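Here is how names work: the chains are called A, B, and so on, in the same order as the sequence lines, proteins then strands, and each is numbered from 1. Keep in mind the model is a prediction, meaning the values are calculated, not measured.
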Amino acid sequence: MTKNTNYIKRLIFSVLAVALMSVPGAALAQSMPDAIKKDMLETGKKVYFKRCVWCHGVEGGGDGPSADRLFTRPRNFIQGTFKIRVTDSGELPMETDLIKTVKNGLQGSAMPAWGEFLSENEIVSVVQFVKSLVQDREWDDEDEEVNVQDFGTNPWGTTGPYHLGVPQADIDAGKEVFLKNKCFECHGGEGRGDGNPTMKDDWGFPIVAADWTQCWNFRGARRDPFNPFNVVRTITTGLNGTPMPNFKDQITVEDRWKIAAFVNSLCPRKNIDPLTNKPIPDFLIQSVYTEGQVSPMIDDPSWQSPDTDSRIVPFSDEIKDNPKRHYIAMAGQITRGKRNFDPKTDDLWVTSRWSAEDNAVYYLVEYHQRFMSQDPEYPDAVAMQWPAKLQDLFGAEKPYFIMGDSKKPVDIWKANFMAQDYNATNAPKPEGYKLKTSVEEFVGLGFDAVSTKESESKVQVVDSIYKQGRVKIMFKRNLKTDGEFDVQIPTEQFIPVSFLQWSGRDKEKDEHMAISTWYYTILKPALPASLYYMPPIMAVVFVCFQGWLIWMTKRTRKMYDEGKIKRDELPK
Amino acid sequence: MNKGLISFLVFVVGLAVFHNAIFPIFTPKEIGWVLNRYVYFLLFVAYVIITNLILRLKPPIAMTALFVWGLGFYFYKFVLYPPIPWTLFITYMVMWSIGTFLFISQDPETFREFRKPIVKTIVGEYKFAQIIVMIAMPILVGFATYNTIYPSYQEPVELRTVHPAPPATTKVHGKTYPLESTNNPFRIDEQDNYKDSFPFLDADKHEYMKYVTEGGTIFFQNCHYCHGDQLNGLGMFSHVFNPTPANFIDPGTIAMLQEAFLFWRVSKGGPGLPNESTPWSSAMPPWEEHLNTEEIWKVILFEYWYTGWHPRTFGTEGAEG
């Protein structure tokens with residue numbers, strides 16, 4: 001009986017919805033939430049208890065065994081609060097929303113994409129079971145309504161994967177909307193999520209605003225991170241359970257697409273690995289040869305390069321010879337000693353130049369850090385790690401990547417820094433904060449055997465700044481030094497290098513840190529002069545060869561014609 | 001229209017259609033006896049031969065040679081799977097080119113026919129072709145020289161042994177385990193009996209599921225960051241590390257190993273690897289530092305339960321999925 005009335009009710013709703021949609025301007029499609037398909041619950045339960053229970057918990061409270069070591073925590077289903085929806089704020093999601101979430105996962109969190117792992121039937125079933133875990137709301141309650149929002153359409157017709165070609169005027173207009181609606185209060189002046197350090201979700205757990213410059217970590221990226229629709233959806237529906245409200249009344253649909261254009265323009269286009277949904281790391285850091293002296297100023301034009309891959313958007317002419325920004329993937333150090341399960345930094349961006357005249361190499365290390373430490377006991381820090389005895393390594397051999405081992409020491413250049421006059425709750429400060437830096441050099445013989453070098457520090461931090469959520473540290477060191485445990489940097493050779501990073505605000509220190517694996521760096525030589533004279537020479541040589549060939553062929557012909565030599569005879 | 005030109009168009013347009021429209025059909029996820037890339041290639045060859053025969057195109061020998069050579073190039077570059085390294089590709093193509101040359105020089109007639117257009121181009125009877133070739137070739141040579149001299153750097157390729165030879169014994173928490181005769185103390189029953197059991201819910205009913213639940217709990221507190229929620233080696237930190245974390249779903253990992261091998265690998269982690277397995281960059285912790293012996297065995301039990309693989313044991317040929 002109830003099923004029948006439900007059906008009629010839904011019919012009326014859909015008729016109403018169609019009627020509403022045909023009225024110009026009205027765009028809401030109102031209906032009941034999709035009811036639970038009870039016949040699928042048994043399969044769903046099986047899938048849930050095999051695959052999902054470990055994070056989401058036995059009752060779906062987001063309190064499985066893994067939950068306490070995850071940031072962001074797994075979803076608590078009990079209240080029916082779902083973030084990624086096409087329905088209005090506070091409403092239950094459509095079933096297709098949940099199916100898409102299961103299929104695509106939630107990027108930037110531990111929730112993987114199940115689309116290739118489970119069958120369609122298993123996915124739909126487990127979604128039914130998840131819906132049945134919602135205790136505080138009823139999917140067939142007549143007071144529950146869902147209004148599918150109007151998102152308009154992509155006005156520029158851009159296509160994936162990179163969605164390039166949005167006119168600059170629209171991006172600029174989007175920035176105006178961004179300023180007018182004060183998005184920076186949470187997302188920061190340049191969208192790195194560095195606006196508000198005190199936010200909590202509905203359950204009182206701390207959470208942070210999205211970093212727009214890392215769109216591959218958007219939970220709603222749906223494995224299509226550069227698609228502006230993701231942003232339009234979030235602005236239109238808000239994220240239930242978080243401080244992110246919807247802006248559908250403040251911002252028109254057209255303007256939402258413009259703000260999406262602005263937000264997406266901040267995200268560097270990188271080749272995304274379809275398996276991990278993260279940019280593919282640049283495993284070779286190329287240090288560019290520089291005539292004369294290298295400028296030790298971060299703002300110098302010679303250091304300007306976009307984060308975007310130059311193979312996707314070529315560098316403009318002024319900067320085409322500048323070194324590229326290399327993407328270094330970072331994770332928590334979860335191997336030895338005190339482990340770091342919730343690192344605050346996901347990646348570093350490294351740019352390098354060297355100069356023979358200077359006899360020095362420079363590494364500009366940048367990373368996103370929403371909030372800096374204000375506690376001098378726990379300063380923020382970033383370090384470069386090198387094999388201390390490069391000359392003793394054979395083949396691919398390297399020291400242990402977590403601060404070396406007893407046989408193969410590492411040389412660690414660590415920059416400690418505190419932002420000056422900084423308070424995490426300050427309004428965005430476009431000119432940035434000066435950093436008070438100090439450099440320490442360590443010899444590592446294991447994560448628990450790190451000692452400060454006795455010799456005077458030869459590594460310098462020549463320039464540094466913390467600006468709009470981004471730390472920039474420029475290291476400089478001479479290629480050759482006289483310390484026993486100093487790496488001696490050769491040119492034109494692959495040198496292993498890796499990166500360590502500590503978030504002071506998270507009270508990280510020693511082996512409680514973020515870490516990269518071993519990368520390589522190479523000091524590239526100047527372009528050889530032969531590059532400019534050899535190609536024409538080879539072309540001229542080839543022209544001569546062609547002339548000789550013509551002359552020879554013609555001569556042979558003539559000799560045939562004059563009967564001086566006989567042609568090869570064909571068989572009769 | 002010139003028959004040679006038609007033949008050329010038949011080849012080029014056919015290749016474009018085959019490669020873009022038909023090739024995807026023949027490369028599905030599940031490879032079949034008919035739907036595979038080699039059948040596709042044979043079909044394309046048959047298409048070229050049959051259309052030329054039916055239309056009586058009789059392309060000049062130089063063009064036939066070009067087709068034959070092109071078919072070889074296409075096969076080695078795009079059809080053959082898995083892709084071969086470029087050094088091998090060059091070796092194959094040299095042999096293929098020699099074969100093509102033998103084909104055209106099989107008798108003086110075909111060889112002369114083959115040379116005819118080339119000679120005519122060189123001496124200038126095909127004036128237009130001569131001008132194009134004589135100008136284009138030196139420019140190409142110049143560019144090729146530039147590309148060869150221009151320094152480019154790729155990170156060195158490093159090979160490593162994925163499954164190193166295990167030691168005879170391993171000492172964990174003060175106790176020595178001989179790898180050959182050590183079994184999982186928690187494997188108290190046949191795993192397949194619990195395929196459809198529920199962790200947590202059935203933990204009180206069956207002792208086996210209690211161990212699976214405990215193992216899973218440890219896995220999802222410690223291991224999933226790298227080995228992934230799906231045990232496929234794609235955890236949230238997996239992209240950071242090189243070597244990438246092991247994929248337990250793959251038939252080449254735990255499915256072909258004994259539990260004692262896993263016990264050794266889990267206990268000793270990256271630093272316990274021999275040099276040929278690059279112990280310096282493995283992010284695998286020596287778990288004896290974080291877990292006790294029982295916890296290690298329970299995690300191993302869980303990994304087999306979750307993936308459905310059976311550990312390799314002595315006296316049997318291998319595992320079943």
Under 4.5 Å from any heavy atom of chain A - which part of B:Phe200: side chain
Stepwise side chain to side chain contact (heavy atoms under 4.5 Å, CB included) test for A:Arg339 and B:Asn222: CA-CA 10 Å; A:Arg339 294 175 287 165; B:Asn222 296 284; 3.0 Å; yes
Proximity of B:Phe302 and A:Trp54 rings by center, below 6.0 Å: yes
Most chain A-contacting option - heavy-atom pairs closer than 4.5 Å, from B:His224, B:Met134, B:Met284: B:Met134
Which portion of B:Pro199 sits near chain A, non-hydrogen atoms under 4.5 angstrom: both
Separation between OG1 of A:Thr521 and OH of B:Tyr153, rounded to the nearest 0.5 Å: 12.0 Å
B:Pro274: side chain to side chain contact (heavy atoms under 4.5 Å, CB included) partners, not counting sequence neighbours: B:Pro164, B:Glu276, B:Ser277
A:Gln546 side chain vs B:Ile135 backbone, donor-acceptor pair below 3.5 Å: no
Interatomic distance, B:Glu155 atom CD to A:Phe283 atom CZ [nearest 0.5 angstrom]: 7.5 Å
Under 4.5 Å from a heavy atom of chain A, the part of B:Gln230 involved: both
Pairs of heavy atoms under 4.5 Å with chain B: top-ranked of A:Ile280, A:Leu531, A:Leu284: A:Leu531
Nearest heavy atoms of A:Ala331 and B:Phe237, plus distance in Å: CB-CG, 3.5 Å
